Amino acid sequence: MFNTSQVPRLITISISHYCEKVRWALDWLKIPYVEESHAPPFHRLYTRRHGGTSVPVLVTETDTFVDSTDILHYLDTIAPEVNQLYPNQPELRREVEKLEELFDIKLGISTRCWSYFYSLKQPDLIKKGWCTGVPWREKIGCAIAFPLMCRLVERGYNITAEEAARSLQKIKTVFETVTERLRSRPQRGAKRSGNEYLVGNNFSAADLTFAALASPVLRPVNHPIYSSSIKKFPLEVVEVIQELRKTPAGAFALRLYRENRCKN
Ligand SMILES: N[C@@H](CCC(=O)N[C@@H](CS)C(=O)NCC(=O)O)C(=O)O
């Protein structure tokens with residue numbers, strides 16, 4: 001489909017779950033790409049060049065996309081039909097897009113706030129996360145300006161104890177919505193087939209977005225960046241992760257990571 005010079009570039013902060021959403025879509029659709037990771041706030045030097053601010057940004061030979069949902073829509077137009085992430089039937093497509101928006105707006109922002117609230121207290125862990133795969137200049141920048149970077153992230157995302165608690169409530173509400181939806185899905189056959197998805201009979205952008213944006217609070221096996229081992233976290237974090245993993249929505253996301261998170 002692409003020769004090497006045409007391969008799309010994905011600009012990321014490697015631990016960003018919105019970047020994971022796009023990375024997963026690229027892998028699922030078997031579209032070759034190169035990932036270019038940056039530490040915050042250095043990423044802005046690169047996203048601004050392409051008319052964006054946040055990551056992910058996808059740069060192709062002819063176009064640039066600065067929002068994860070726009071990127072998924074674009075990728076679907078160049079992907080083989082069999083793997084497509086948006087159904088052809090307009091009604092099903094609308095459902096997928098509605099769920100994707102809910103997860104983008106409510107879940108992604110809340111899982112980021114809750115997980116940053118705890119991980120910013122673990123400098124080694126967060127430094128490693130921010131600096132994975134970044135240019136050496138940014139590694140040096142990170143070593144020098146780490147406290148400032150933490151303050152910027154705290155202020156930028158309003159990371160406070162109160163906000164983290166509110167975020168956890170929002171995460172639980174979205175998980176309940178997903179659990180309800182999974183319960184009410186028409187089943188094929190008397191027994192659960194183990195193949196249920198949120199919309200229709202196929203893996204879609206709704207499933208992918210839910211699992212990717214829930215990943216900071218689930219730490220799934222098979223995530224390309226996060227470790228599924230949670231023993232380095234404080235007890236209150238471990239308890240929340242374990243509780244969420246046990247919910248039907250959490251178990252569903254973990255299954256998607258096990259079964260649908262192929263890598264290019
Ligand atoms: N709606 C955007 C949200 C992406 C987003 O919030 N990215 C965060 C990382 S998780 C970011 O880049 N923050 C730094 C910034 O805005 O400069 C999308 O879906 O692409």
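Every number for a ligand or one of its atoms is a count from 1 in the order of the listing. All values derive from a computational prediction rather than experimental measurement.
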Review point. Which is closest to atom 16 (O) of ligand 1 by heavy-atom distance: R44, R112, H17, K21?
Key: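 Looking at heavy atoms only, the winner is R44.
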Can you list the ligand 1 atoms lying under 4.0 Å from a non-hydrogen atom of [X]?
X	result
P56	20 (O)
T53	17 (O)
S16	9 (C), 10 (S)
H43	14 (C), 15 (C), 17 (O)

**Study point:** Charged tip of R255 within 45° of Y197 ring normal and under 6.0 Å
**Key:**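 So R255 does make the cation-pi contact.
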Check your understanding: Do Y157 and F117 have ring centres separated by under 6.0 Å?
Key ->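 No; F117 has its ring centre 6.0 Å or more from that of Y157.
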Closest protein heavy atom to [atom], given as residue, atom name and distance to 0.1 Å:
atom	result
atom 18 (C) of ligand 1	D67 OD1, 3.2 Å
atom 11 (C) of ligand 1	Y157 OH, 3.4 Å
atom 20 (O) of ligand 1	S68 N, 2.8 Å

For [X] and [Y], test the side chains for any donor-to-acceptor distance below 3.5 angstrom and give the result as yes or no.
X	Y	value
E100	T69	yes
Y33	D27	yes
S37	T12	yes

Check your understanding: Angle class for the H38/Y46 ring planes (parallel below 30°, perpendicular above 60°, tilted otherwise)?
Key ->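 Aromatic pair H38/Y46 classed parallel.
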Review point. Parallel, tilted or perpendicular: which fits the ring planes of Y257 and W24, with parallel below 30° and perpendicular above 60°?
Key: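 Tilted.
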Check your understanding: ligand 1 and V55, any nitrogen or oxygen pair closer than 3.5 angstrom?
Key ->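 N/O-N/O distance below 3.5 Å exists for this pair.
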**Study point:** Contact check, D104 vs ligand 1, heavy-atom distance below 4.0 Å
**Key:**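 No, D104 has no heavy atoms under 4.0 Å from ligand 1.
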